[in-house]
Amino acid sequence: MSTPTVTGGVRRLPVPARPAHPRRRVVGGIVTAVVVAAHVVAWTSTEVSFGALVEGWEGMADFLSEAIPPDLSWEVLGPSLDGALVTLWIGLLGTTLSVPLSLVLALLAARGTAPSGWVYQGARSLLSFLRAVPDVVFALIFVTAVGLGPFPGVLAIVCHNVGVMGKLWAEALEDADPGPPQALRSAGAGRIQVAAHALLPTVTPQFVGLLLYRFDVNVRSSLVLGLVGAGGIGFLINQSIQLFQFDEMLTHILVVLVLIVAVDQLSALVRRRLAPTT
Amino acid sequence: MLALSGITVRFGDRQVLSGVDVTVAEGELLAVLGANGSGKSTLLRAAAGLVQVHGGGVTVDGRPRGPLDVALVFQQIHLVRRRSVLDNVCSGALGRLPLRSSLVPALFPRVVREEAMACLDRVGLADRAHDRAGSLSGGQQQRVAVARALCQRSRIVLADEPVSALDPSAAEQVLALLAELAHDERLAVLAVLHQPDLARRHADRIVGLADGRVVLDGAPATLGTGAVDALYPASSVPELEAVS
Ligand SMILES: Nc1ncnc2c1ncn2[C@@H]1O[C@H](COP(=O)(O)OP(=O)(O)O)[C@@H](O)[C@H]1O
Ligand SMILES: [Mg+2]
């Protein structure tokens, strides 16, 4: 050990050499090489080309000059607002209708409320599956099954949202304070009674917060679902692109913007209100 | 009323309780004292049937203990803070209610609510019935938890450090309440305490545990302070040893 030197009343000690970690260096090198290689492959596979971007610039300018100013006439704005409302209703119903199934699956997929290991694994797998299939894929399936329109959009949102919200709720259940459930179990309460009287009342604020967050996300998704024929303003956007009515399209996009910001603000506001009472 | 005889509990190859005999009579508040790790909580959990015993048994009035024979009171209280005080007390009755009359608080039968009100009155909090449980002070919450235990209709109440999380005056109140319930309602109350002076003031009898064995058993007046202090060896005081 070296002894501290004193210069100008300040004690100082030399920093010892850092021990060498040859293995860590090799692993670091390999990881870097793999990441770089993956990006090179991705770059070529996706045909990234600045040339195409520059050439496309003209088309982009044409597009914008046609889109601006947006067509704010009532013949366009009226249907646009109607479409936006349908999109909102798809998101709302899709969220609400997924509550019962999410609740049941969350209770079955949370340690502590799952009746057995098998049920737990089964519920987790089902949730993972529903989560893994994007809502657009569900929408395509339901459009084929029940035809064009908002209804397949609602079904698609329900399916995907059960997967996501069920998982989020199950995690909230697992993080809940185990004390009150333990107290009721010791008083002879059954599994369902413990969930109803100790667990669910404790996690209500978390559940509602997650529900609002999902409502927000689902309204955005229902917009995309419209693009594949599942109703709402997305359907109108798709139509105006196909008819080269870019000024109408811009109107629809502006309405969407207002809708999304409004839903986002509303859900954030309610969640803020909810937070202090937990 | 409650008799633990020859209770032996092992965790792995560690023997935590070695042949402990403890009885609690009807109308008696028994305080269990002992250093940290002496096995107090394990004894209580064995009495409640929450740990597996490797020897001995628990009887209530001479019969093997049934699932609803004992009610528990916890150090961390464990009320559902977002529910009303009355709903929390009612939940003590869940063990004897069918699901169709207990799925949500609105379904609790009127007789159960009225019984819960009487239990709340017994702990002096009838006027707070509709307040949120979380809005009460710690001492009041613990009294609500006692009311919930009463609503369970068990003749035996087991409390693990029920006042350790409370300020001194609330602790006095809760212990006075437990003693009063033991004497007036003829309950058998077993409370793990960690303050010997509280035990001396409120308990009818004190049992001292050391290393999983009963080393002390008697009325507070018959036990010298020296005997009680000996339960807490100097080494159980947090040590500030130099890290070498
Ligand atoms: N579930 C358990 N598994 C393993 N060891 C345990 C368990 N519960 C308690 N113990 C051990 O048993 C001993 C007694 O614990 P406890 O009864 O909680 O003591 P006290 O309540 O008197 O402080 C401690 O050494 C503790 O580590
Ligand atoms: Mg303990």
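Convention: sequence-line order gives letters A, B, ...; per-chain numbering from 1. Quantities reported herein were computed from a predicted structural model and do not represent experimental measurements.
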Non-hydrogen atoms of chain A under 4.5 Å away: do they reach the side chain of [X], the backbone, both or neither?
X	answer
Arg148(B)	side chain
Val73(B)	neither
Leu79(B)	backbone
Gln76(B)	neither

Locate the shortest heavy-atom distance separating Leu99(B) from Gln193(A); write the atom from each residue and the value.
CD1-CG, 3.7 Å
Nearest heavy-atom contact between Gly188(A) and Leu68(B) is CA-CD2, 3.6 Å
Does [atom1] belonging to [X] count more than 12 external heavy atoms closer than 6.0 Å?
X	atom1	value
Leu85(A)	CG	yes
Phe151(A)	CZ	no
Arg155(B)	CZ	yes
His21(A)	NE2	yes

Pick whichever of Leu184(A), Asp177(A), Thr204(A), Leu199(A) has the most heavy-atom pairs under 4.5 Å with chain B.
Leu184(A)
In terms of heavy-atom pairs under 4.5 Å with chain B, the winner among Ala189(A), Pro178(A), Pro201(A) is Pro201(A)
Given side-chain contact (heavy atoms from CB on, under 4.5 Å), test Leu200(A) with Arg82(B) step by step and report yes or no.
CA-CA 10 Å; Leu200(A) 293 178; Arg82(B) 299 175 49 81; over 6 Å; no
May I ask you to decide if Ser102(B)'s main-chain N or O and His197(A)'s side chain share a donor-acceptor pair within less than 3.5 Å?
yes
Determine whether a donor-acceptor pair (N or O, by modelled atom type, separation under 3.5 Å) exists between the side chain of Gln182(A) and the backbone of His78(B).
no
